[in-house]
Asks: 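Once you've had a glance at the structure underneath, I'll fire off some questions.
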Amino acid sequence: MSSPNPAQRNLYELATQVGSALCARKQILAVAESCTGGWIGKSVTDIAGSSGWFDRGFVTYSNVAKTELLGVREATLARHGAVSAEVVTEMVAGALERSRADIALAVSGVAGPDGGTADKPVGTVYLAWAPRGGSTRVVRQHFDGDREAVRLATVAAALQGVLDVCAHRG
């Protein structure tokens, strides 16, 4: 078996830190993923003992899945598009409503190589984090590189965001 590359090691280290932070707070995570296609869930479940702090992941790649599994409103998708602050806000709310998690995150983006527009070029990603009963934080990021690089950067940013939520909750 080959040793993991630096990017894989970084995700493993971030996921380990997320697990430690959640365990210390006795909190549980849920994720709602679009452009990452389950990579965040894979990263957290790579950590032994993650069943103690990871509840579930929703891979909602299609708009229909976002609506059916997370309750994202069709009107929101029609008005703002899947890659938008409004949609990830509804995705993260849906992940909290449909899980036993204390913290949820959601991601949706344009990983490429196609699908970009002038307003949302390839590499545009929206991320949202919300603690149960708290306020939602949404950020728009632009990650450079090919499809793999955009998705990898999104997973890392999503995990870092969970650490930031944990740090601000005390």
Side-chain angles (χ1 to χ4, degrees), residues 1-62 65-72 82-109 111 125-141 143 148-170:
M1 183 166 137
S2 64
S3 66
N5 68 39
Q8 290 169 325
R9 278 196 304 275
N10 181 53
L11 289 185
Y12 187 85
E13 290 167 9
L14 278 170
T16 299
Q17 292 171 23
V18 165
S20 295
L22 291 169
C23 283
R25 291 159 181 76
K26 297 181 175 24
Q27 293 182 324
I28 296 170
L29 176 68
V31 302
E33 303 183 61
S34 187
C35 63
T36 50
W39 198 347
I40 300 167
K42 184 234 183 285
S43 295
V44 298
T45 58
D46 280 346
I47 308 306
S50 58
S51 61
W53 51 269
F54 181 63
D55 181 46
R56 67 191 70 186
F58 300 90
V59 179
T60 56
Y61 206 70
S62 71
K66 288 174 184 65
T67 299
E68 290 178 356
L69 297 177
L70 296 172
V72 174
V83 180
S84 65
E86 293 80 5
V87 166
V88 294
T89 298
E90 290 186 21
M91 287 172 69
V92 80
L96 281 172
E97 289 169 13
R98 291 160 173 80
S99 73
R100 60 187 193 99
D102 302 293
I103 298 172
L105 71 88
V107 300
S108 188
V125 178
Y126 284 86
L127 303 99
W129 302 267
R132 188 172 297 281
S135 60
T136 300
R137 177 176 165 241
V138 178
V139 298
R140 175 183 169 142
Q141 295 276 15
F143 300 116
E148 181 87 356
V150 169
R151 294 174 75 221
L152 175 69
T154 301
V155 174
L159 293 172
Q160 183 59 56
V162 174
L163 293 174
D164 295 345
V165 169
C166 288
H168 288 94
R169 296 272 298 180

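Starting from 1, each residue takes its place in the sequence as its number. Everything numeric here is computed off the predicted structure, so don't read it as measured data.
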Asks: If I take atom CG from residue Leu159 and atom CD from residue Glu13, how far apart are they, to the nearest 0.5 angstrom?
Replies: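 That separation rounds to 12.0 Å.
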Asks: Taking the side chain from Arg98 and the backbone from Leu69, do they hold a donor-acceptor pair closer than 3.5 Å?
Replies: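 Looks like yes, one N/O pair under 3.5 Å.
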Asks: Is there a side-chain contact between Leu14 and Val162 in this structure, where contact means two heavy atoms from C-beta onward sitting under 4.5 Å apart?
Replies: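 No, too far: nothing below the 4.5 Å cut-off.
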Asks: Check whether Lys66 reaches the backbone of Tyr61 with its side chain - one donor and one acceptor, N or O, closer than 3.5 Å.
Replies: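 Between the backbone of Tyr61 and the side chain of Lys66 there is a qualifying donor-acceptor contact (under 3.5 Å).
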Asks: With Gln141, which residues qualify under side-chain contact (heavy atoms from CB on, under 4.5 Å), at least two apart?
Replies: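 Checked Gln141 against side-chain contact (heavy atoms from CB on, under 4.5 Å); matches are Leu127, Val139, Phe143.
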Asks: Determine whether Phe54 and Val18 satisfy the following criterion, side chain to side chain contact (heavy atoms under 4.5 Å, CB included), listing intermediate values before the conclusion.
Replies: CA-CA 10 Å; Phe54 181 63; Val18 165; over 6 Å; no
Asks: About how many Å separate CD1 of Ile103 and CG of Leu29, when rounded to the nearest 0.5 Å?
Replies: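 Reported value, rounded in 0.5 Å steps: 7.0 Å.
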Asks: Please confirm whether the backbone N or O of Trp39 pairs with a side-chain atom of Thr36, one donor and one acceptor, at under 3.5 Å?
Replies: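 No, Thr36 side chain to Trp39 backbone: no donor-acceptor pair under 3.5 Å.
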Asks: Evaluate side chain to side chain contact (heavy atoms under 4.5 Å, CB included) for Asp164 paired with Trp129, printing each intermediate quantity in order.
Replies: CA-CA 9 Å; Asp164 295 345; Trp129 302 267; over 6 Å; no
Asks: Just jot down the side-chain hydrogen bond (donor to acceptor under 3.5 Å, both in side chains) partners of Asn10, sequence neighbours excluded, or say none.
Replies: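 Counting only residues at least two positions away or on another chain, Asn10 forms no side-chain hydrogen bond (donor to acceptor under 3.5 Å, both in side chains).
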Asks: Looking at every heavy atom in both Leu152 and Ala7, which two are closest together, and how far apart are they?
Replies: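 Looks like CD2-CB, 3.3 Å.
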Asks: Indicate the atoms forming the closest heavy-atom contact of Cys23 with Trp53, along with that distance.
Replies: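 Reported closest heavy-atom pair: SG-CD1, 3.5 Å.
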Asks: Give, for atom CZ of Arg137 and atom OG1 of Thr89, the distance between the pair rounded to the nearest 0.5 Å.
Replies: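 Between atom CZ of Arg137 and atom OG1 of Thr89 there are 12.5 Å.
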Asks: Ser43 pairs by side-chain contact (heavy atoms from CB on, under 4.5 Å) with which of Leu11, Thr16, Val31?
Replies: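 Output: one option passes, namely Leu11.
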Asks: Would you mind reporting whether Val138 and Thr136 have side-chain heavy atoms less than 4.5 Å apart?
Replies: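 When only atoms from C-beta onward are counted, Val138 and Thr136 do touch, with a gap below 4.5 Å.
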Asks: I'd like to know if the side chain of Arg132 and the backbone of Ala101 have a donor-acceptor N/O pair within less than 3.5 Å.
Replies: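 Yes.
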Asks: So which pairs with a foot in residues 50-59 pass salt bridge (Lys or Arg N to Asp or Glu O under 4.0 Å), sequence neighbours left out?
Replies: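 Checked against salt bridge (Lys or Arg N to Asp or Glu O under 4.0 Å) - neighbours excluded - the pairs reaching residues 50-59 are Asp55-Arg100.
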Asks: Take Cys166 and Leu22 through the test side chain to side chain contact (heavy atoms under 4.5 Å, CB included) and record every step on the way to the result.
Replies: CA-CA 7 Å; Cys166 288; Leu22 291 169; 3.9 Å; yes
Asks: Taking all atoms of both residues into account, what is the closest heavy-atom pair of Ala111 and Val150, and its distance?
Replies: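 Closest heavy-atom pair between Ala111 and Val150: CA-CG1, 3.8 Å.
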Asks: For Val125 and Ser108: C-alpha separation, side-chain torsions, deciding distance, then whether side chain to side chain contact (heavy atoms under 4.5 Å, CB included) applies.
Replies: CA-CA 6 Å; Val125 178; Ser108 188; over 6 Å; no
Asks: Hey, what do you get for CZ (Arg140) to OG (Ser84), rounding to the nearest 0.5 Å?
Replies: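 Here the rounded value is 10.5 Å.
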Asks: Could I get the full list of salt bridge (charged side-chain N to carboxylate O under 4.0 Å, His left out) partners for Glu33, not counting sequence neighbours?
Replies: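 Checked Glu33 against salt bridge (charged side-chain N to carboxylate O under 4.0 Å, His left out); zero matches.
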Asks: Given side chains that start at C-beta, do those of Val87 and Tyr126 come closer than 4.5 Å, heavy atoms only?
Replies: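 Side-chain contact under 4.5 Å: no.
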Asks: Minimum heavy-atom separation for Ala30 and Ser99, please, with both atom names.
Replies: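 Taking every non-hydrogen atom into account, CB-OG, 3.7 Å.
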Asks: Closest heavy-atom contact between Ala158 and Val107?
Replies: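 Closest pair (atom of Ala158, atom of Val107, distance): CB-CG1, 4.1 Å.
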Asks: For the residue pair Ala130 and Leu96, what are the closest heavy atoms and their distance?
Replies: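 Heavy atoms of Ala130 and Leu96 come nearest at O-CD1, 3.7 Å.
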Asks: Sort and list the pairs that fulfil salt bridge (Lys or Arg N to Asp or Glu O under 4.0 Å) and have at least one residue in residues 36-53, not counting sequence neighbours.
Replies: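 Salt bridge (Lys or Arg N to Asp or Glu O under 4.0 Å) check on residues 36-53 returns Lys42-Asp46.
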Asks: Test of understanding: with side-chain hydrogen bond (donor to acceptor under 3.5 Å, both in side chains), list the residues that count as partners of Glu68, not counting sequence neighbours.
Replies: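 Glu68 satisfies side-chain hydrogen bond (donor to acceptor under 3.5 Å, both in side chains) with no residue once adjacent residues are dropped.
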